[in-house]
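Because the structure is predicted, anything quoted here is derived from the model rather than measured. Residues take their numbers from the sequence shown, with the count starting at 1.
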Amino acid sequence: MGTSTRATVAESELESAIPERVDANSSRRTVNGVELHVVTAGDRADPLVVLLHGFPEYWYEWRTQIAPLVDAGYRVLVPDQRGYNRSEKPDGVRAYRTAELARDVVALIATEERDAAHVVGHDWGGVVAWYLACRFPGAVDRLAVVNAPHPTAYRRQLLANLEQLRRSWYAVCFQLPWLPEFACRYDEYHLLERALRETAAPGTFTETDLARYRRSWSRTRALTGMLNWYRAATRYPPIPAIDRVAAPTLVVWGEDDSALIPALAVDSAAFCAEHRLEILPGVSHWVPHEEPERLTELLLEHARVA
């Protein structure tokens with residue numbers, strides 16, 4: 001698999017998001033047949049941490065965690081996952097099956113000449129992380145998931161819990177062709193912007209943040225790539241060969257998540273052989289933005305446990 005080191009993000013963009021003391025770089029790496037844009041930081045010899053963003057974000061979601069992880073002695077990789085921002089956006093729904101998304105991460109880890117990494121995921125990045133730990137356990141040293149349900153736990157709650165089914169209405173709407181793209185693009189991405197603003201604590205997303213997100217959403221075929229994650233999950237449900245997670249796991253959950261019921265946190269942790277569950281009262285789905293210092297503290301504690 002090839003690795004290209006040519007810059008793909010203006011230096012000013014990285015510098016404005018990541019402290020100057022951190023030597024962060026932007027590159028493109030070909031993994032699992034797709035080209036991903038990746039932000040890297042830290043010494044290549046240090047233990048590896050991979051941070052996986054969710055919908056409708058991109059690598060920028062993890063900007064607050066990068067410097068503390070590097071300062072603590074970790075090598076950090078933060079990709080734009082396939083379909084997002086500056087990464088490749090393959091055609092067709094099938095290309096966005098969770099199995100393929102997980103293989104992207106396995107191949108990305110291999111570009112660092114490693115077999116495994118500490119893997120952290122939020123939202124859809126968390127779903128990929130769960131699947132990765134079940135389907136490719138050898139690739140995950142330690143797992144941390146933020147407001148993302150284990151696939152089996154989520155499936156069971158959808159079937160048994162009307163409240164979770166009600167909260168998942170938007171995912172059904174996303175199955176339609178072209179109309180979701182039109183709705184998301186309308187009025188300068190007002191729907192996506194509102195989805196961030198109105199489900200988070202006031203002031204969580206600044207105007208600068210939203211301008212960056214609008215730019216990422218405006219890239220050619222980005223909206224379709226992002227929405228195809230939802231379409232593929234419905235057409236090709238992510239059912240790993242095993243449900244159990246062997247890697248030591250941290251589950252962090254903002255209790256005021258408007259899309260996912262808190263019971264999913266408990267149910268998901270139950271699939272782990274060894275776990276720590278941290279439920280954050282009064283915090284929404286957007287934990288990395290609302291409680292960045294607390295989340296960083298939890299991630300570092302989890303990574304350091306021998």
Side-chain angles (χ1 to χ4, degrees), residues 51-57 61 81 96-99 101-102 105 119-137 140 142-175 195 199-200 226-227 229-281 283-288 290-291 295 298-299 302:
L51 304 174
L52 303 174
H53 68 81
F55 178 94
E57 307 201 66
E61 173 182 9
Q81 298 198 77
Y96 296 87
R97 290 170 296 164
T98 307
L101 306 174
V105 181
V119 179
V120 181
H122 171 244
D123 186 76
W124 266 109
V127 174
V128 173
W130 280 120
Y131 189 96
L132 184 73
C134 292
R135 179 65 179 82
F136 304 98
V140 182
R142 306 187 76 81
L143 176 69
V145 179
V146 184
N147 281 74
H150 184 289
T152 303
Y154 184 62
R155 188 166 61 252
R156 289 178 180 176
Q157 285 289 351
L158 278 180
L159 293 173
N161 192 308
L162 290 177
E163 175 59 20
Q164 184 55 60
L165 186 61
R166 183 189 68 80
R167 294 192 189 194
S168 301
W169 67 269
Y170 65 95
V172 177
C173 295
F174 285 168
Q175 302 306 310
T199 60
M226 293 158 57
L227 291 165
W229 283 50
Y230 286 92
R231 293 162 177 155
T234 297
R235 300 183 196 181
Y236 313 101
I239 304 175
I242 59 173
D243 291 320
R244 304 294 297 176
V245 174
T249 302
L250 169 67
V251 177
V252 182
W253 204 273
E255 193 172 30
D256 289 353
D257 192 318
S258 62
L260 300 167
I261 60 175
L264 282 169
V266 178
D267 291 354
S268 296
F271 285 97
C272 306
E274 177 186 342
H275 74 266
R276 175 181 178 183
L277 174 60
E278 290 286 336
I279 295 180
L280 306 180
V283 181
S284 79
H285 177 81
W286 309 104
V287 176
E290 288 185 26
E291 291 290 337
L295 178 58
L298 290 168
L299 293 177
H302 180 61

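Here the side chain of Glu290 pairs no donor or acceptor atom with the backbone of His285 at under 3.5 angstrom. A donor-acceptor pair is defined here as one N or O able to donate and one able to accept, closer than 3.5 Å; such a pair exists between the side chain of His150 and the backbone of Asp243. Of the possible donor and acceptor atoms, one in the side chain of Gln164 sits under 3.5 Å from a partner among the backbone N and O of Ala259. Checking side-chain atoms of Gln81 against main-chain N and O of Leu52 turns up no donor-acceptor pair under 3.5 Å.
Taking CD1 of Ile239 as the reference point, atom OH of Tyr131 lies at 9.0 Å (rounded to 0.5 Å). To the nearest 0.5 angstrom, Thr98 atom OG1 is 13.0 Å from Arg135 atom CZ. For the atom pair Cys173 SG and Leu227 CG, the distance stands at 11.0 Å (nearest 0.5 Å). Atom OH of Tyr236 and atom OH of Tyr96 lie 13.0 Å apart (nearest 0.5 Å). Note that CD1 of Ile261 is 4.0 Å distant from CG of Asn161, once rounded to the nearest 0.5 Å. Interatomic distance, CD of Gln175 versus OG1 of Thr234, reported as 3.5 Å (0.5 Å rounding).
Contact check for Asn147 versus His122: side-chain heavy atoms found under the 4.5 Å cut-off. In this structure, Ser268 and Val145 have side chains that are not in contact, with every pair of non-hydrogen atoms separated by 4.5 Å or more. Asp257 has its side chain out of reach of Pro262: every pair of non-hydrogen atoms, C-beta onward, lies at least 4.5 Å apart.
Of the listed residues (Phe271, Tyr154, Trp130), just one forms a side chain to side chain contact (heavy atoms under 4.5 Å, CB included) with Pro149, and that residue is Tyr154.
Taking each heavy atom of Ser284 and Ala200 in turn, the nearest pair found is OG-CA, 3.7 Å. When every heavy atom of Gln157 is checked against every heavy atom of Asp267, the shortest pair comes out as NE2-OD2, 2.6 Å. When every heavy atom of Arg142 is checked against every heavy atom of Glu274, the shortest pair comes out as NH2-OE2, 4.5 Å. Contact between Cys272 and His275 at its shortest, heavy atoms only, is CB-CB, 3.8 Å. Of all non-hydrogen atoms in Ala133 and Leu143, the two that sit nearest each other are CB-CD2, 3.8 Å. Shortest non-hydrogen contact noted between Trp253 and Ala148 is CZ3-N, 3.4 Å.
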Any chance you could lay out the side chain to side chain contact (heavy atoms under 4.5 Å, CB included) test for Trp229 and Leu101, step after step, and finish with the verdict?
CA-CA 9 Å; Trp229 283 50; Leu101 306 174; 3.5 Å; yes
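Here the two rings, on Phe174 and Phe55, have centers that are under 6.0 Å apart.
Considering only residues two or more places apart in sequence or on other chains, Glu278 meets the salt bridge (charged side-chain N to carboxylate O under 4.0 Å, His left out) condition with Arg276, Arg294. Every residue two or more places apart in sequence or in another chain that forms a side chain to side chain contact (heavy atoms under 4.5 Å, CB included) with Ser258 is listed here: Thr199.
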